[in-house]
Amino acid sequence: MDRRYLLKTGVAGLSLAAPRIVRAAPPLTLRFAHFAQQDHPANIAAGQFANRVEARTDGAVRIRIFPNNQLGGPPEQVQQIKRGTIDMGLPTQGQLDKYERAFGAVLLPFIFDSSPLLFKVLDGPAMDWLAPLAEKQGFVLLHNWDYGFRNLTNSVRPVNVPADVKGLKIRTPPELQIQASMEALGAVVQAIALTELYQALSQKVVDGEENPIPVIYFNKYYETQKHLTLTRHICDTMIHTMGVGSWARLSPGQQMIFREESAAAGDRMRKLVAEGEADQLSMLDEAGMQITQPDLAPFRALMEPAYRRIADYVGADNVQKFRAMIDRARVRVS
């Protein structure tokens, strides 16, 4: 038999008869960056989200977490989410209002008196209002997690009345609402990046700062700050947020899993924050911080100039709309 015939019929035939090898598609790996420390409730919740998503998608979607500003500070993280170089993160309303001013109405000082009221508004009518606006700017809002009410620390004196704040040099993030609230109390405000804050406090560049209790505790600001005042002046949340491009890479079924697991992770973070705050206050006291809990009515009474500045920035209509949401929710909560 001709050798060429064998090659044509035998070898070619074997080739045609060989079983087809189907290779599994490589997993989709997404990058999740945020600004919390590794032991912060936000990072614990992020780990739960990543693990459950991978399990429920049978490994088709994997998530790499970059905590503690590894991929840039909060403003840079939001920019990268919008561009798609980071797939998701945990920006606050104060960080998102640089893209859509309506978010800034959430940061009106002294308007929330409890976490149940806060979450009732932010999870309900505020999310219905803000999510479509965010999508127009390139962001998909999955769920409100938590961050905590902000409180004031300083290394100079205890704060029992608003006059005690006057003249203190206070670091704030670059968010007008927080700056306006501190300036309304007479503080001298300086914007300093969160990544540089501990050093600035250590070197006495500023006298103090204001942040939620978990941030004060996990970032060890108690090592540089003598006084903690429970002002609870502003509360916003970390919002689990994706870029629209990254969101579009998910199937409808995967998108549903993301929303469900984001809500579950957010609930876990809220539980950890609520349970941890009392313990953290106790540990801050043991670390030598002097903690005061003043009557907040005199502080709130000085906020009118801040309210006007915020309305000028975010729009009076947006402020009015958000206040109406709170008033309606407050009636139902009470």
Side-chain angles (χ1 to χ4, degrees), residues 27-36 40-57 60-67 71 74-100 102-104 106 115 118-148 235-273 325:
L28 173 64
T29 300
L30 302 178
R31 289 156 44 109
F32 183 170
H34 62 76
F35 52 90
H40 187 281
N43 194 52
I44 296 171
Q48 172 182 300
F49 173 80
N51 291 335
R52 290 189 179 179
V53 163
E54 182 169 351
R56 290 185 63 186
T57 62
V61 181
R62 296 177 181 173
I63 296 168
R64 292 185 63 196
I65 301 172
F66 299 87
L71 301 184
E76 292 77 26
Q77 290 174 27
V78 183
Q79 292 170 5
Q80 291 180 77
I81 293 169
K82 184 177 175 70
R83 291 198 302 261
T85 51
I86 290 174
D87 298 293
M88 70 190 82
L90 294 171
T92 64
Q93 287 86 358
Q95 290 148 18
L96 287 169
D97 78 3
K98 311 304 183 293
Y99 302 86
E100 167 52 61
F103 279 94
V106 175
S115 293
L118 171 81
F119 294 131
K120 190 172 190 66
V121 174
L122 295 187
D123 291 346
M127 180 63 84
D128 294 340
W129 172 42
L130 295 170
L133 300 177
E135 192 159 357
K136 291 179 181 178
Q137 298 299 325
F139 304 103
V140 175
L141 308 185
L142 298 182
H143 194 69
N144 286 295
W145 287 15
D146 199 353
Y147 198 38
C235 190
D236 54 4
T237 62
M238 289 174 156
I239 309 174
H240 193 190
T241 302
M242 291 188 68
V244 293
S246 298
W247 181 248
R249 299 171 69 188
L250 303 174
S251 70
Q254 291 168 346
Q255 291 177 350
M256 180 185 70
I257 290 171
F258 268 54
R259 287 197 182 277
E260 290 173 354
E261 293 304 335
S262 179
D267 288 345
R268 175 144 190 226
M269 181 181 178
R270 293 178 188 184
K271 187 172 185 290
L272 290 171
V273 169
M325 292 178 191

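Along the sequence shown, residues carry numbers from 1.
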Taking the six-membered ring for Trp, are F66 and F32 closer than 6.0 Å centroid to centroid?
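No: the rings miss the under 6.0 Å criterion.
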For the ring pair F103 and F139, is the centre-to-centre distance below 6.0 Å?
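Centroid distance F103-F139: not below 6.0 Å, so no.
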Under 4.5 Å between any side-chain heavy atoms of [X] and [Y], yes or no?
X	Y	value
Y147	V273	no
R249	L28	yes
I239	Q93	yes
V106	L122	yes
L272	I44	yes
I257	T57	yes
L30	R62	no

Suppose we screen for side chain to side chain contact (heavy atoms under 4.5 Å, CB included). Which residues come up paired with S251, at least two apart in sequence or across chains?
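If we apply the side chain to side chain contact (heavy atoms under 4.5 Å, CB included) test to S251, skipping adjacent residues, the hits are Q254.
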A265: what forms a side chain to side chain contact (heavy atoms under 4.5 Å, CB included) with it, not counting sequence neighbours?
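Here the qualifying residues are A45, Q48, F49, W145.
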Which pair of non-hydrogen atoms, one from [X] and one from [Y], has the smallest distance, and what is that distance?
X	Y	value
A42	M238	CB-SD, 3.5 Å
W247	Q255	O-NE2, 3.0 Å
F35	T92	CZ-CG2, 4.1 Å
D146	G148	OD1-N, 3.3 Å
A50	I65	CB-CD1, 4.0 Å
I81	G89	CD1-N, 3.5 Å

Without swapping roles, check the side chain of [X] against the backbone of [Y] for a donor-acceptor pair under 3.5 Å.
X	Y	value
K82	Q137	yes
Q95	V78	no
S246	M242	no

Just do the side chain to side chain contact (heavy atoms under 4.5 Å, CB included) check on M269 and H40 with the steps written out, would you?
CA-CA 9 Å; M269 181 181 178; H40 187 281; 3.7 Å; yes
How long is the straight-line distance from [atom2] of [Y] back to [atom1] of [X], given to the nearest 0.5 Å?
X	Y	atom1	atom2	answer
L130	L96	CG	CG	9.0 Å
S262	L141	OG	CG	10.0 Å
H34	T241	NE2	OG1	13.0 Å
I63	R31	CD1	CZ	13.5 Å
R83	E76	CZ	CD	9.5 Å
M127	N144	CE	CG	4.0 Å

Counting heavy atoms not belonging to R64, are there more than 12 under 6.0 Å from its CZ?
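For R64, atom CZ is not crowded (no more than 12 foreign heavy atoms under 6.0 Å).
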Might you work through the side chain to side chain contact (heavy atoms under 4.5 Å, CB included) test for F258 and H240, ending with a clear yes or no?
CA-CA 10 Å; F258 268 54; H240 193 190; 5.7 Å; no
Listed once per pair and sorted, the salt bridge (Lys or Arg N to Asp or Glu O under 4.0 Å) pairs that draw on residues 255-272, sequence neighbours left out
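For residues 255-272: R52-E261, R56-E260, R56-E261, D123-R270, K271-E275.
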